[in-house]
Colleague: 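There's a structure below that I have some questions on.
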Number of protein chains: 2
Amino acid sequence: MSKPAALTLAAPDPAAAQQCCPPMSQQRLEPGTAADLAAAFKALGDPVRLELMSMIASAPGGEICVCDLTPSFQVSGSTISHHLKTLRAAGLVDAERRASWVYYRARPGLMRRLATLLTPDAEEATS
Amino acid sequence: MSKPAALTLAAPDPAAAQQCCPPMSQQRLEPGTAADLAAAFKALGDPVRLELMSMIASAPGGEICVCDLTPSFQVSGSTISHHLKTLRAAGLVDAERRASWVYYRARPGLMRRLATLLTPDAEEATS
DNA sequence: GCTCGGTTTCGACGGTTATCGAAACCGAAG
DNA sequence: CTTCGGTTTCGATAACCGTCGAAACCGAGC
């Protein structure tokens, strides 16, 4: 295998994080699971990436072209590409090439898992 | 003000992130908001911190002593303290000193905000 | 007051990461 | 086949981060 479609590096360990996770307020995470999920949070832990993620997730047809993402930021195109690769590696987005353009779409699976994990149980607290 | 209670550094900008955020699948984040929330995700983006967070959030009485956290990890006590400070600065946990021990508890507010942000709308997708 | 255990802070070291520009890649269209 | 625009990769640089041990801090108890 040389490099069939480098775009589909499709989440190495996030695949392992595929099966899990009640709210962390209900149950302590196992170290291994914590490591997998921390990688996903880390991917969201950059302002540019988080904004990219929000643009992709809220894109009209469920997908958006890199050419529509890049102009919204003050960083270079190569930097945007790098951040998109990070999101892809984390399993948060998917990429597909059509003609000259590459379209990204969100992967709801992992997002939902993270959302569940963070959901506070039933408790109330404004602070 | 010299240093009244260094433990309550109580979230600098997370206070700004206090008011917001429909699911990102519904609306693109503004750059400023993205920066604030990215800081919170970044705090969760380390395996040790995420596991710490889960231990604190799932603690029986809603709180847990540092002395009960430290022995669960293979890193030094000073490193644990450093990570706890990071979680505190992100507005994810609160600390209170009682006698010789310091107790940490989760701040559900920010957790809930992050959970909402990540919630995929109504869509279905297993991939 | 002095000591002691729990916790945080300080300073340093090594590895990671965000960023850039240049180069490579890849379809499409001359 | 050559060119061209969009995108990714490569290599380099500077800033950041996780970790440690030592030192400082802080109540409690002697």
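Chain letters run A, B, ... following the sequence lines, proteins first and then strands; every chain starts at 1.
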Colleague: Closest-nucleotide mapping onto DNA chain C: is A/Q74 or A/A99 further toward the 5' terminus? I mean the 5' end.
Modeller: A/Q74

Colleague: With respect to the side chain of A/H83, which nucleotide from C/dT7, C/dT19, C/dT9 is positioned closest?
Modeller: C/dT19

Colleague: In whole angstrom, give the distance that lies between atom CZ of A/R97 and atom C1' of C/dA28.
Modeller: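 Result: 11 Å.
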
Colleague: Does a side-chain heavy-atom distance below 4.5 Å link B/L29 with B/L117?
Modeller: yes

Colleague: Return yes if some donor-acceptor pair links the side-chain N/O of B/S81 with the main-chain N/O of B/S78 below 3.5 Å, else return no.
Modeller: no

Colleague: Does the side chain of B/S100 get closer than 4.0 angstrom to OP1 or OP2 of C/dG6 through an N or O atom?
Modeller: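 No, B/S100 has no side-chain N/O under 4.0 Å of OP1/OP2 on C/dG6.
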
Colleague: Can you tell me which residue pairs pass the disulfide (SG to SG under 2.5 Å) test with a partner in residues 35-76 of chain B, sequence neighbours excluded?
Modeller: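 For residues 35-76 of chain B, and leaving out neighbouring residues, the disulfide (SG to SG under 2.5 Å) pairs sorted by first residue read B/C65-B/C67.
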
Colleague: Nearest 0.5 angstrom please: B/T116 OG1 to A/L118 CG, how far?
Modeller: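 B/T116 OG1 to A/L118 CG: 9.5 Å, rounded to 0.5 Å.
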
Colleague: If I take atom CD1 in residue A/I80 and atom C1' in nucleotide D/dT8, what distance separates them, rounded to the nearest angstrom?
Modeller: 13 Å

Colleague: Tell me whether the side-chain N or O atoms of A/S78 pair up with the base of C/dG21 as donor and acceptor below 3.5 Å, since no angle test is needed here.
Modeller: yes

Colleague: In this structure, how many angstroms lie between the C1' atom of D/dT8 and the OH atom of A/Y104, rounded?
Modeller: 8 Å

Colleague: How many Å lie between NZ on A/K85 and C1' on C/dT19, as a whole number?
Modeller: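 About 15 Å, once rounded to whole Å.
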
Colleague: Strictly below 4.0 Å: does A/K42 bring a side-chain N or O up to OP1 or OP2 of C/dT16?
Modeller: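 For C/dT16, neither OP1 nor OP2 has a side-chain N or O of A/K42 closer than 4.0 Å.
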
Colleague: Please compare A/R98 and A/G45 by the position of their nearest nucleotide in DNA chain C and report the one closer to 5'.
Modeller: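 Closer to the 5' end of DNA chain C: A/G45.
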
Colleague: If every non-hydrogen atom of B/A40 is compared with every non-hydrogen atom of B/L92, which pair is closest and at what distance?
Modeller: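 Scanning both residues completely, I find the closest heavy atoms to be O-CD1, 3.9 Å.
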
Colleague: Taking only heavy atoms on the protein side, list every residue of residues 46-54 of chain A lying under 4.0 Å from any atom of DNA chain D, sorted numerically.
Modeller: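 Contacts with DNA chain D under 4.0 Å: none.
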
Colleague: Taking the side chain of B/T79 as its heavy atoms from C-beta onward, which of D/dT8, D/dT19, C/dC20 lies nearest to it?
Modeller: D/dT19

Colleague: Tell me: NE2 of A/H82 to P of C/dA24, nearest whole Å?
Modeller: 21 Å

Colleague: What's the CG-P distance between B/L84 and C/dG6, to the nearest Å?
Modeller: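 It is 16 Å, rounded to the nearest whole Å.
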
Colleague: Does A/R49 reach the main-chain N or O of A/H83 with its side chain, forming a donor-acceptor pair under 3.5 Å?
Modeller: no

Colleague: What is the separation between atom CH2 on B/W101 and atom C1' on C/dG5, rounded to the nearest whole Å?
Modeller: 9 Å

Colleague: As a quick check of understanding, evaluate side-chain contact (heavy atoms from CB on, under 4.5 Å) for A/L69 and A/L84, giving each step before the final call.
Modeller: CA-CA 10 Å; A/L69 292 171; A/L84 289 172; 4.1 Å; yes

Colleague: Does the pair B/D94 and B/R105 meet the rule for a salt bridge (charged side-chain N to carboxylate O under 4.0 Å, His left out), with working shown?
Modeller: CA-CA 5 Å; B/D94 242 354; B/R105 55 176 59 240; over 6 Å; no

Colleague: Please determine, for the side chain of B/V66, which listed nucleotide (C/dC20, C/dT7, C/dT16) has the closest atom?
Modeller: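 The nucleotide sitting nearest to the side chain is C/dT7.
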
Colleague: Find the distance A/F73:CZ to C/dT19:P and express it as a whole number of Å.
Modeller: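 Rounded to the whole Å, the gap is 10 Å.
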
Colleague: Reckon A/S76 has a side-chain N or O less than 4.0 Å from the OP1 or OP2 of C/dT19?
Modeller: no

Colleague: Taking all non-hydrogen atoms of both residues into account, name the closest pair between B/Q26 and A/S58 and its distance.
Modeller: C-CB, 4.1 Å

Colleague: Let's test your reading of the pairing rules: Watson-Crick or G-U wobble, both distances under 3.5 Å, then write DNA chain D as a dot-bracket string with ( ), [ ], | and dots.
Modeller: ||||||||||||||||||||||||||||||

Colleague: Give the minimum heavy-atom separation between B/P47 and A/A38, together with the two atoms involved.
Modeller: N-CB, 3.6 Å

Colleague: Out of D/dT8, C/dT17, C/dT8, which has the shortest distance to the side chain of B/R88?
Modeller: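 Ranking D/dT8, C/dT17, C/dT8 by closest atom to the B/R88 side chain puts C/dT8 first.
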
